[in-house]
Amino acid sequence: MFYSDPTRIQDLLEGLNEPQCQAVTSQSQYLLVLAGAGTGKTRVLTHRMAWLIQDQGYSPFQLMAVTFTNKAAKEMKNRVSDLIGIDARNLWVGTFHGLSNRILRIHAQEAGLKPQFQIMDMGDQLSFIKRLMKDFNIDTETYKPKDLQYFINDQKEQGLRAEQSEDTYSNPHFEKMKSLYVLYQERCESEGVVDFGELLLRSYELITRNENIRQKYQQHFAHILVDEFQDTNDLQYRWLQLIAGTEGALFAVGDDDQSIYAFRGARVENLFDFERRFAKGSVVRLEQNYRSNQGILEAANAIISHNKARLGKELWSDKTSEHQIYVVGHERDFDEARYVVNKIDTYRQSGVHLNEMAILYRSNAQSRLFEQNLVQQGIAYRVYGGMRFFDRQEVKNALAYLRLLGDPHNAYAFLRVVNFPPRGIGARTIEQLTQNLEQTGQSYYDLVDTLKLSATKKLQAFKEMVQKWTEQAHMMKLSELLAWVINDSGMRLYYQNQKESVDRLDNLDELVYATEQFCREYDLEGYHAFDMITFQGIQMRLLDAFLSHVGLEPGERHVGDTTEDAVQLMSVHASKGLEFQIVFIVGLEEGLFPHANNDMPEEERRLMYVAITRAKDELYLNHAGYRRLHNMEHYSAPSEFLLQLPEHLIQQRGFPVHVKSPKSFGVRRFGQLSKTQNFASGNQIKTNSKTVYTSQNEHNGYHVGQQVSHAAFGKGTIVSFVGSGESTQVKVAFKGQGVKTLKLSMAKLMKLS
DNA sequence: CCTCAGCTGTTTTTT
DNA sequence: ACAGCTGAGG
C-alpha cells in the first residue's frame, strides 16, 4: 500500500515563498511555472507531488512526472520519498524514454515488439546504419552514415515515419534518405531493436491507435508534471498532450531563458504555445533566487534582456553583493589559463574548497590548457563530459554477450562478439553469412549450423559456448553469469595480454559490480539470470530488465573518484542546474562564445545567462585576444556579452587590442573602453589613451563586418579571419546558410557597398 | 590478426 | 593539434 506514513504528515507548504506556494497548490488544469535559475523549481515539483498525494488524496500512481535525465528523475523520487515517506521506486517518475519504454514493455504485443526488444544507443545505431548501408552497397561518401542517422532521428523527433517525411529543407539527398529510412526501419523491425526516437514514437502511435490503451492511460493519469519544459521536442510535447487527454492536468515547469538545446530538437516555442493555448492566465513566475548575490543577478538580467523572444522575468535576491564581477582580458589563451589557475590556487590557500570553484567553457576542447596548468600546480580537478561508463568498448563487448544470451537472434550482439576476442572468424566469413541471411530470413545464430564454410568449426564452437552459458544461466545469479562469461569468452585473458589495459579490466569488474548493485536496488538479489521477475510492475526476465535498464541509463559522464575535493571543469551546457561559489567563465570572445557556428544568437545569449547564474559569490569573465584552435591562429574581439554588462558592476576591465603592424604583431595595448564600441563591425577602436586597430580584423583590403557577395552562397558578412599569409581563411555568415569558412585567396568575394 | 599511414572532422548533449 | 576510423600491407 502506498498511503503516506501518518507519522510524517507535515505542512508541505511551510517555508515556501508566495509564488512557490501558489504553484504547488494550483487547481488549474493547466499551469505553466516559469522558474528562473536557482528559484527552487525542483522544490516546487516535489512539493506539488507530495501535496497531491498527501493533501489531495491522489494515489501516487495517478501521477506521472517526466524529466529529461535519469539524474533528475532519481532526485525527484528521492525527494518525494523523503517528504512523505513512500517507496518511490515504482512511481511513474522518469525520463520520456524511460516511461515510453515502460509502456511499450507492458504492451509489447500490441506495439508489435518482442517482449525482450533491445534498445540501441547512438553508437549502436550508427554501427547498425553502417552495416545496413554496406549490405545494400550504398556509397558512404555520397551518403554519410552520420547524415542518415541525423535524418532518421530528426524525422522521428518530428513524429514522422518515412512515408510521412517531406522535404522541408530542399535537401538534394532527400529522396535517397527517405528510401534509406524505409530500409532502416524494416531492418529494425526484423531484428527486433528500437532506437531512442522509436521508443517515443512507437508509444505515441500505440496510444493514439489503440483506443483501449488510450482510455486506460488518459483516465489513469490525473496529473502530469513536466520538468525542463523548454527542452521538449515536437513529439514529446504531443506525447504529453496525448497522455493527459482532455481531462488530465498538465503542470509544466520550465524557463524560456534557459533553453539551450535547440540543436537536438528542443523547441522553446512549445513553452510559448503551451502558455497561449492552455495556460493562458495560469502562469506562475518564480523570480526570487536563493543562489546568487544581487550583483550577479543584475548582470544576468542585463544580458538576457537583449533577447526578444521571451515571456519575461527578472531575478532578484535579498543577498547583497559583497563582491564585484571581474572582467579580465588576456593576451593569449595560455595567459588566460595561467591566470585562472593562479587565482584558484590563491582561493584554495585562503580556504575555499576546490569543488566550490568551476571553470566553464563553450567548447570542451578548451579544457586542455587548464588541465595542463592545474597539473603543474598540483591542483586536483575533474573534467566532466568524457566518455560514459557504458560507452566504453570493453563494457559494450561484455554487454553484447549478455544481449546475445537475452536474444540469440540479435544481429548486433552476434556480430559484435562473434570474433571478439579474436577467434579466427574473419570478415570473409561474416560476409558469407550475411549473404545467406537475406535469402533465408534466418538469423546469424541459426545460420551457423546450416552453412558449410571454412570457418564452420569455429562458428560452431562459438555457438556451443553460448549454448553452454544459456543452460547454466538458469542456475546462476546475474553477476555470476556475467563474471563467468567475461572469463570463459576469453575477454579477460585478452585484455590481460594487452598493454595498458588495466583500466579495461577494472571496468569489467566494475560492470559485474553494477549488476549486483542493480539487483540490490530493486530487491532482486535472490533471482537467477533467466528468472521471471516483476520490474516496475511488469513481468520479465531479470536479464531483460537489466539490459533495458543499462540501455536507458548509460552511467555517469565523468571518471574517477567523485568525492575528492577537486576543481570542476565543464562546458556551460553541462553546468546547467549546478552552482558554485566561484565561477570562471573563459573564452569570452566573438566566434567562440557566442559561437560562430550557431546561427541562433539568442540561444548563445541564453547560454551566457546560464553560465552567469551558476555563480553564488564571485564571477570572473575571461577573454583572450589570441588563441590556437584546430592548429590555427584565431584573433578575436571580446564577446559582445562583455559589452552588455552594466558598467557599475564591473571591477576590472582590460580589453587587449592587437595593434595593426607587421613588426609588432601581437603587441597589445590596454585601455578603458566605452560600452558603445563595436568590435565586430570595424577595425578602429578607441581606448582612453589612443586609437588602435585590431590586427586581424582586416586582411587584403577586406575587413570584419564587410558586406560581400559570393558566386555560390550569395550575400554575406565577414565574421573573422583565421590564420595568416597565403593560407588565410575567412569566415563569412551567409544569409540563410550559416557561417562558411573559405580560403581567402580562392574565395572570390565581391565587396558590396 | 595486428599495425600504421592517411583521411576526416573538430559546439553544445540526453535518451 | 589531434582523435577516431578505414584500408593496405606485414
Side-chain angles (χ1 to χ4, degrees), chain A residues 66-73 94-101 119-127 130 134 140-141 144-147 150 153 156-157 194-201 227-228 231-233 235-236 259-266 333 360-369 384-388 390-391 393 419-428 494 497-499 548-557 570-577 587 591-600 603-604 606-608 610-611 627-634 738-739 741:
Chain A
V66 196
T67 63
F68 275 85
T69 65
N70 292 302
K71 199 175 147 201
T95 61
F96 279 100
H97 296 84
L99 297 168
S100 296
N101 177 52
I119 300 165
M120 292 193 284
D121 65 22
M122 291 288 276
D124 301 337
Q125 190 190 26
L126 188 60
S127 359
K130 283 180 181 167
K134 197 175 180 184
T140 50
E141 288 296 304
K144 299 263 166 64
K146 270 221 168 85
D147 290 348
Y150 290 138
N153 292 341
K156 288 193 178 183
E157 271 165 16
V194 300
D195 56 52
F196 286 132
E198 186 70 18
L199 289 170
L200 257 300
L201 183 51
D227 191 15
E228 306 281 13
D231 290 340
T232 51
N233 65 34
L235 181 58
Q236 287 162 337
S259 163
I260 55 174
Y261 286 109
F263 69 91
R264 64 175 202 217
D333 46 3
L360 307 183
Y361 32 77
R362 180 60 177 76
S363 67
N364 286 310
Q366 288 169 254
S367 72
R368 206 186 206 103
L369 282 173
Y384 291 76
M387 193 176 281
R388 294 153 172 284
F390 287 110
D391 280 344
Q393 59 141 303
N419 197 35
F420 184 86
R423 47 175 76 91
I425 301 169
R428 189 81 202 102
Y494 175 84
N497 292 334
Q498 291 270 305
K499 281 172 196 157
S548 89
H549 175 79
V550 299
L552 292 168
E553 285 197 34
E556 292 286 321
R557 250 193 113 95
M570 65 189 82
S571 69
V572 178
H573 283 90
S575 76
K576 191 163 161 226
L592 187 59
F593 194 6
H595 203 283
N597 287 2
N598 193 342
D599 51 12
M600 299 180 61
E603 178 153 293
E604 289 293 310
R606 291 192 288 263
L607 210 40
M608 181 65 182
V610 168
R627 71 175 62 235
R628 194 164 257 275
L629 218 67
H630 311 317
N631 201 24
M632 277 199 274
E633 298 168 351
H634 290 250
V739 178
T741 306

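Just the heavy atoms: all of them, side chains too, but no hydrogens, waters or symmetry mates, feed the values below. Residue numbering restarts at 1 for every chain, and letters A, B, ... go by the order of the sequence lines.
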Note to self: Can you measure A:Gln393 atom CD to C:dA3 atom C1' for me and round it to whole angstrom units?
What the structure shows: 15 Å
Next item on the list: Under the salt bridge (Lys or Arg N to Asp or Glu O under 4.0 Å) rule, collect the residues that match up with A:Arg423, sequence neighbours excluded.
Entry: none
Checklist line | Short side-chain N/O contact from A:Asn70 to OP1 or OP2 of B:dT15, under 4.0 Å | finding: yes
Check: Taking all non-hydrogen atoms of both residues, which atom of A:Ser575 and which atom of A:Val572 are closest, and how far apart?
Finding: OG-O, 2.7 Å
Note to self: Taking side chain to side chain contact (heavy atoms under 4.5 Å, CB included) as the definition, give me every residue that meets it alongside A:Lys130, ordered by chain and number, with sequence neighbours left out.
What the structure shows: A:Leu126, A:Pro145
Distances for protein N or O near nucleotides 1-5 of chain B N or O, under 3.5 Å:
unit_1: B:dC1; atom_1: OP1; unit_2: A:Asn419; atom_2: OD1; d: 3.4
unit_1: B:dC1; atom_1: OP1; unit_2: A:Asn419; atom_2: ND2; d: 3.2
unit_1: B:dC1; atom_1: OP1; unit_2: A:Gly424; atom_2: N; d: 3.3
unit_1: B:dC1; atom_1: OP2; unit_2: A:Asn419; atom_2: ND2; d: 3.4

Item checked: Any donor-acceptor N/O pair, A:Glu604 side chain to A:His595 backbone, under 3.5 Å -> yes
Next item on the list: Write down the distance between CG (A:Leu369) and P (C:dA1), rounded to a whole number of angstrom.
Entry: 13 Å
Item checked: Results of ring pair (Phe, Tyr, Trp, His ring centres under 6.0 Å) for A:Phe420 - residues two or more places apart only -> A:Tyr494, A:Tyr495
Check: Which residue, A:Thr69 or A:Glu603, contacts DNA chain B at a nucleotide closer to its 5' end, judged by nearest heavy atom?
Finding: A:Glu603
Margin query: Does A:Tyr261 reach a base, just sugar-phosphate, or nothing at all? Heavy atoms under 4.0 Å.
Written below: sugar-phosphate
Dump every N/O contact between nucleotides 4-10 of chain C and the protein below 3.5 Å, one line per pair.
none

Margin query: Checking A:Asp333 now: which residues fulfil side chain to side chain contact (heavy atoms under 4.5 Å, CB included) with it, not counting sequence neighbours?
Written below: A:Leu369, A:Arg627, A:Arg628
Next item on the list: Sticking with atom P, work out how far B:dT13 lies from C:dG4, rounded to a whole angstrom.
Entry: 16 Å
Check: For A:Phe263 and B:dT12, do the ring centres fall under 5.5 Å apart while the planes stay under 30° apart?
Finding: yes
Next item on the list: Mind calculating the distance between NZ (A:Lys71) and P (B:dT14) to the nearest angstrom?
Entry: 10 Å
Notebook entry, point to check: Could you state the CZ-P distance from A:Phe196 to B:dT13, rounded to the nearest angstrom?
Noted result: 16 Å
Check: Taking atom P of B:dT14 as reference, at what distance in whole Å does atom CD1 of A:Ile119 sit?
Finding: 17 Å
Note to self: Check the phosphate of B:dT15 against A:Arg388, side-chain N and O only, distance under 4.0 Å to OP1 or OP2. Yes or no?
What the structure shows: yes
Margin query: Distance check needed: B:dT12 P versus A:Ile260 CD1, whole Å only.
Written below: 12 Å
Notebook entry, point to check: Taking atom P of B:dT12 as reference, at what distance in whole Å does atom CD of A:Glu228 sit?
Noted result: 20 Å
Notebook entry, point to check: Atom CG of A:Leu629 and atom P of C:dC2: how far apart are they, to the nearest Å?
Noted result: 13 Å
Item checked: Pairing residues for A:Glu157 by the salt bridge (Lys or Arg N to Asp or Glu O under 4.0 Å) criterion, not counting sequence neighbours -> none
Protein-nucleic acid N or O pairs under 3.5 Å, nucleotides 6-11 of chain B:
unit_1: B:dG9; atom_1: OP1; unit_2: A:Lys144; atom_2: NZ; d: 3.2
unit_1: B:dT11; atom_1: OP1; unit_2: A:Asn597; atom_2: ND2; d: 3.3
unit_1: B:dT11; atom_1: O4'; unit_2: A:His595; atom_2: NE2; d: 3.3
unit_1: B:dT11; atom_1: O2; unit_2: A:Arg362; atom_2: NH1; d: 2.8
unit_1: B:dT11; atom_1: O2; unit_2: A:Arg362; atom_2: NH2; d: 2.3
unit_1: B:dT11; atom_1: O4; unit_2: A:Asn597; atom_2: O; d: 3.0

Next item on the list: Might you point out which heavy atoms bring A:Ala611 and A:Leu360 nearest each other, and give the distance in Å?
Entry: O-CD1, 4.0 Å
Next item on the list: Can you sort out the partners of A:His573 under ring pair (Phe, Tyr, Trp, His ring centres under 6.0 Å), two or more places apart, ordered by chain and number?
Entry: A:Tyr261, A:Phe263
Checklist line | Set of residues satisfying salt bridge (Lys or Arg N to Asp or Glu O under 4.0 Å) with respect to A:Glu603, sequence neighbours excluded | finding: A:Arg606
Next item on the list: Just call it for A:Arg628: base, sugar-phosphate, or nothing, with non-hydrogen atoms closer than 4.0 Å on any strand.
Entry: nothing
Checklist line | ring pair (Phe, Tyr, Trp, His ring centres under 6.0 Å) against A:Phe593, all qualifying residues, sequence neighbours excluded | finding: A:Phe641
Check: Does A:Asp121 have any salt bridge (Lys or Arg N to Asp or Glu O under 4.0 Å) partners at least two apart in sequence or in another chain, and if so, which?
Finding: A:Lys396
